[in-house]
Structures are given as C-alpha cells and as structure tokens.
Amino acid sequence: MSRLIVVSNRVPVPEKGKAAPAGGLAVALQAALRERGGIWMGWSGKSSGDEETSHLTTIVDGKITYALTDLTDRDVEEYYHGFANRVLWPTFHYRLDLAEYGRREMTGYFRVNRFFAQRLAPMLEPDDVIWVQDYHLIPLANELRLMGVKNRIGFFLHIPLPPADVLLAMPVYDKIIEGLAQYDLVGFQTDYDLANFVGALVREGFGETLPGGYFKSYNRIFRTGAYPISIETDVFAAYAKRALNNAMVKKAATSLAGHELVIGVDRLDYSKGITQRLDAYERFILANPSYQGKVSYLQITPKSRSEVPEYEAMQRVVAEQAGRVNGELGTVDWVPIRYMTRSVARPVLAGLYRIAKVGLVTPMRDGMNLVAKEYVAAQNPEDPGVLILSRFAGAARELHSALLVNPYDIEGVANAIARALSMPLDERKERWQKMMDHLQVHDVTDWCNSFMDDLTHLPETEDHAALAT
Ligand code: ADQ
C-alpha cells in the first residue's frame, strides 16, 4: 500500500500527556496515516522573524512523521492573515464586502505555497499519495507539478465554493481555478459547492465536463466529487452519555434550575451568524413573554484570528450585544444569555449539548458545520433536543429533519426557537432518529475512506485520454 502524505496549514501534533482528545478530522486522518504510514506536513504555527528558514522539525510517532516548518513574519502576514484569511475566507463565504484584495498578499500566498512544495518534494517517494487540505494550499499541486512531481494528488476544500459571479470578483480567480485543475481529485463539502465549481469552470471557458465527474482543463484531466465531512458519531455519543457525571456539566445542569437550555457553539467568526442569532433569540423572548425566566441561552464562542481587525471588532460587538440583551430583559434571578469565550474540552461540550433542549446552528454560510452533527450525536435517544439549522450550512444538505431556517430572517429563526421548545416528544424522536441514522453511517471515517478510495482508484493518467474522446 502506498504511503499517504497529508498537507494542511496547521498540523495537529499529538501532545504527550495532554488529556484533551483531538477533533474528528485529526483522528480520521491520523488513522489513515497509521494504516498506510506517511507524513503530515504543515506550518509549525511559529514565526522565524525575518530569517528564511529551511529547517524542518520532524516528530516521529509510530508510522506517522509530522514535518513542521516555521514561516517568516512576512509570510505569516501575507499568506495567512492576508490572502488566506482576508481574501479567500470572506470571498468563499460570499462576503465580498469584507475581502481586502492586495497584490502583495496574493504574491505572498503563492510564494509560501512554493516554499511548502520545496520543503515537501525531497521527502516524496514515487508512489506516495498526497492529500492537501483546504483553502490555504490551493496552488500547492501546481507548484509540485512545476517541480516535476507526478504523484497522485487530491485536494479537499473545507469551506464553501461560491458561484462564478462571486468567485470572479476575486482578481486572481483564474489562478485559483487553474490551481484546482492541477489535482487529480478535487473534493467539496456538498453537491452545491461542486455545482458552483463546475459552473465557473464551464461558463468561463476554463474547461469542459466529461462523463463520471471528470473534467478537462489546462490540458489535464481531473475528477471532482462531493464528500460531506462528518464527526466520530459513536465516540461523540458515548462522551455525551458519560458527561452527565462530569462536574462542569452537572454544575451547568443544576444552575439551570428547571430552565430550558438553548445552546450555540461557534468559533468567533462573521460567517457563523452569531449577532443575527442573538437578535433572533431576543425577538423570540419579546414575542413569547411566557418564556421569560424559563429559558437560558448559552453561547460558547472561543476567540479566533484576533490579529485580524474584523475579528477583534466582532468580539466587542458580540459581548456588547449579549450585555445589552441581558440588561434590558434580565431580572434579578434570570440571565437570558450566558456568554463564554473560553474553549471547552470535547467531552464537556458533548455533555452541554445533551442537556440543551435546542441546538441553535445558524451560520450565514458554512462549508459543513460540525457543531450541528455533534449536537445530534450527543442527544439522549429517549428525550432528544431539536436542531435548528441554517439552510446555508453544508450540513443542511444531509440533516433534512432539522428545523431548517434562513438566518437572514430574524423573525423566522425566532419562530423556530418557539416551535422547537414546544415540539412534542414523538416528533422530536422521529426527527432525531433520521439524522442519527444518517450520521451513524456517514461518520468521519466514512468521509476519509470515500475520498481515499476515489483518489487511489482513479484510472491511470494515460487511461484518462480515453475519457476525453
Ligand atoms: P470551522 O469553521 O472551525 O471549520 P465547524 O465545522 O463548526 O467550524 O467546526 C468547529 C469545531 O470546533 C467543532 O468540532 C466544535 O466542537 C469545535 N468547537 C467550537 N467551539 C468550541 C469550544 N468553545 N470549545 C471546544 N470546541 C469548540 C471548517 C469549516 C466548516 C467545516 C469544518 C470541517 O468552516 O464548515 O465543517 O472546517 O471541514
């Protein structure tokens, strides 16, 4: 079996003696790496100041070698904070108003991808299979191809891919499409993202469709597919069951004193729709005064990307908004919104999901959204809570039995909260069972295996020629 080489911006190196379990994606990729043996390469998260470094730190853990490189301050600024997080992230989340395109950042993005390729190429063996993760590294295959690398290379985009008219507003859209065409297999979260890619490729004359999900573009033939990412469903369900004995979960349950709990868990990001969600919750309380003093909304939002100004501003906006609602609606013995910016260990999170009657997952746009799937997996089968899910999360393409909402429609979300809190047990059970049945089959291992199967079983490049005729 050929080795697997995973490349991602950050690498989840297992920390000895650290109790917190890794997220599902890391677990699934580590399992695939352990099975085949291989390398997980990426940025160490550290900066080497001004000094260009050729140093690669390697950590060997059984059959997996973690290879980490530092970046210069300039690289971090231009590639990571600049192009990846201020151009690709907003554009791909349909937020052209927030995209700050600059030639310097764009150059830095391609330069760092070349740098990654230069670090990776000497470690490759001819039959290694390479799997590149996410938007930071779209041009990596092109850089490797320019260096003569002929290995099979797959790419998975964790965030949405917008339609052509949004994508084309980004000045280097052609380089991005060309970059994707250099892979052998390009995976998206949903059929919608895939359709957007095909639309841009064909409409703008970058390529043509061939049967079986294949495309011909830039004199290459490559394949695409939708591979919805998932969670470790059974592991998460087991955490949730056990977590009822966890001290922090017990404390949270006791503090509710009979109130119903509504929960929201997100990284702090404008794509997650946190401010709109707080508005909807406020609207729900105002429209349903009988719930005053009877329901608590817990929003857990660890800070992220604080170096990017929009994110720093958002931290203030969300905290102020929660404070305002509590000030206006709260009473001496009732706090309508509990707002936490600390990260919570996964087993505790699972327990908090389980004691929550409603999971409020309302991103304005999201590649998948794993919180939605975790909330479902954590429920008590005998008394499951209700998932309210944005139709603009990739997860809505699978979790049809959630209460699907439009997060721009504040009143609609407010009404959904009221409906969820009064939903009869039979309906809750029926909706939950359908979603749980789906997640038990389509877990993160299934996601990983489906992509790897397709990548490793693609016909040889020479056979592709037959498809083109
Ligand atoms: P993210 O935007 O980070 O991921 P998401 O899919 O929701 O979004 O994953 C967040 C993860 O972080 C979840 O596993 C959640 O449990 C965890 N988390 C969030 N808040 C936490 C807290 N306070 N404490 C502990 N853990 C917390 C990107 C894309 C998504 C896509 C994933 C995977 O934006 O659309 O689903 O990648 O492909």
Side-chain angles (χ1 to χ4, degrees), residues 8-10 12 19-29 84-85 88-90 92-95 131-136 155-162 187-190 192-193 226-233 235-236 239-240 243 248-249 252 263-274 277 298-305 311 315 318 338-354 356 359-378 387 389-390 392-399 439 442-444 447-448 451:
S8 55
N9 176 56
R10 296 301 306 276
L25 171 67
V27 171
L29 290 176
N85 286 336
L88 291 174
W89 179 271
F92 282 32
H93 286 86
Y94 299 58
R95 290 296 304 269
W131 188 0
V132 178
Q133 308 287 325
D134 227 357
Y135 63 103
H136 311 88
F155 177 82
F156 184 75
L157 185 67
H158 289 258
I159 63 176
L161 191 95
F188 298 97
Q189 296 276 24
T190 69
Y192 284 0
D193 302 304
Y227 302 88
I229 198 166
S230 195
I231 58 166
E232 291 177 287
T233 310
V235 172
F236 213 83
Y239 281 158
M248 197 162 152
V249 177
I263 195 167
V265 176
D266 315 76
R267 221 167 25 76
L268 185 68
D269 195 289
Y270 47 81
S271 65
K272 305 291 182 186
I274 301 168
R277 194 184 306 160
L298 171 62
Q299 176 65 45
I300 308 181
T301 299
K303 295 173 188 171
S304 74
R305 303 180 193 166
Y311 287 76
Q315 258 157 243
V318 174
R338 303 171 183 204
Y339 177 51
M340 270 176 70
T341 58
R342 267 186 308 166
S343 200
V344 177
R346 294 176 68 70
V348 176
L349 198 57
L352 294 174
Y353 288 139
R354 192 167 175 112
L360 207 41
V361 183
T362 56
M364 312 314 281
R365 193 64 65 174
D366 218 328
M368 178 53 60
N369 195 303
L370 297 178
V371 169
K373 295 187 172 182
E374 291 168 357
Y375 178 77
V376 171
L387 174 65
L389 178 61
S390 160
F392 303 127
R397 299 292 301 139
E398 296 168 86
L399 304 180
L439 293 179
H442 300 285
D443 63 2
V444 72
W447 168 79
C448 186
F451 189 95

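Excluded from the calculations below are hydrogen atoms, water molecules and symmetry mates; all remaining heavy atoms, backbone and side chain alike, are included. If you're wondering where the values come from, they're calculated on a predicted model, not measured in any experiment. Atoms within each ligand, like the ligands themselves, are counted from 1 in listed order.
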Search all heavy atoms of Ile274 against all heavy atoms of Leu268 and return the closest pair with its distance.
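Smallest heavy-atom distance, with atoms named: CD1-CD1, 4.1 Å.
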Please indicate, with yes or no, if any protein heavy atom is found under 4.0 Å from [atom]?
| atom | answer |
| --- | --- |
| atom 17 (C) of ligand 1 | no |
| atom 10 (C) of ligand 1 | no |
| atom 33 (C) of ligand 1 | yes |
| atom 23 (N) of ligand 1 | yes |

Which of these, His93, His158, Arg342, has its nearest heavy atom closest to atom 38 (O) of ligand 1?
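It is His158 that holds the nearest heavy atom.
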Which option wins on minimum heavy-atom distance to atom 8 (O) of ligand 1: Lys272, Lys373, Arg267?
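Nearest option to atom 8 (O) of ligand 1, by heavy atoms: Lys272.
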So which heavy atom in the protein is nearest [atom], and how far is it from that ligand atom?
| atom | answer |
| --- | --- |
| atom 25 (C) of ligand 1 | Val344 O, 2.8 Å |
| atom 14 (O) of ligand 1 | Glu374 OE2, 2.6 Å |
| atom 35 (O) of ligand 1 | Asp366 OD1, 2.5 Å |
| atom 6 (O) of ligand 1 | Leu370 N, 2.8 Å |

Heavy atoms only, cut-off 4.0 Å: how does [X] contact ligand 1, side chain, backbone, both, or neither?
| X | answer |
| --- | --- |
| Ile229 | side chain |
| Trp89 | side chain |
| Leu349 | side chain |

Could you tell me, atom by atom, which parts of ligand 1 come under 4.0 Å of a heavy atom of [X]?
| X | answer |
| --- | --- |
| Pro302 | 20 (N), 21 (C), 22 (C), 23 (N) |
| Ile300 | 23 (N) |
| Val265 | 19 (C), 20 (N), 21 (C) |
| Gly367 | 35 (O) |
| Arg346 | 14 (O), 16 (O) |
| Ser343 | 23 (N), 24 (N), 25 (C) |
| Gln189 | 31 (C), 38 (O) |
| Val371 | 7 (O), 15 (C) |

How are the rings of Tyr353 and Tyr375 set to each other: parallel, tilted or perpendicular (split at 30° and 60°)?
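It falls in the perpendicular class, over 60°.
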Should the pair Arg397 and Tyr192 be classed as cation-pi, given the thresholds of under 6.0 Å to the six-membered ring centre and 45° from the axis?
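Output yes; distance and angle both within limits.
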Residue pair Trp131, Ser8: steps toward the side chain to side chain contact (heavy atoms under 4.5 Å, CB included) verdict:
CA-CA 9 Å; Trp131 188 0; Ser8 55; over 6 Å; no
Does this structure show an ion pair linking Arg277 with Asp266, if we count only N-O contacts that are shorter than 4.0 Å?
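Judged by the 4.0 Å cut-off on N to carboxylate O distance, Arg277 and Asp266 do form a salt bridge.
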Does an N or O from Thr301, backbone or side chain, lie closer than 3.5 Å to an N or O of ligand 1?
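No; every N/O pair is 3.5 Å or more apart.
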Side chain or backbone, does Ile159 bring an N or O within less than 3.5 Å of an N or O on ligand 1?
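No.
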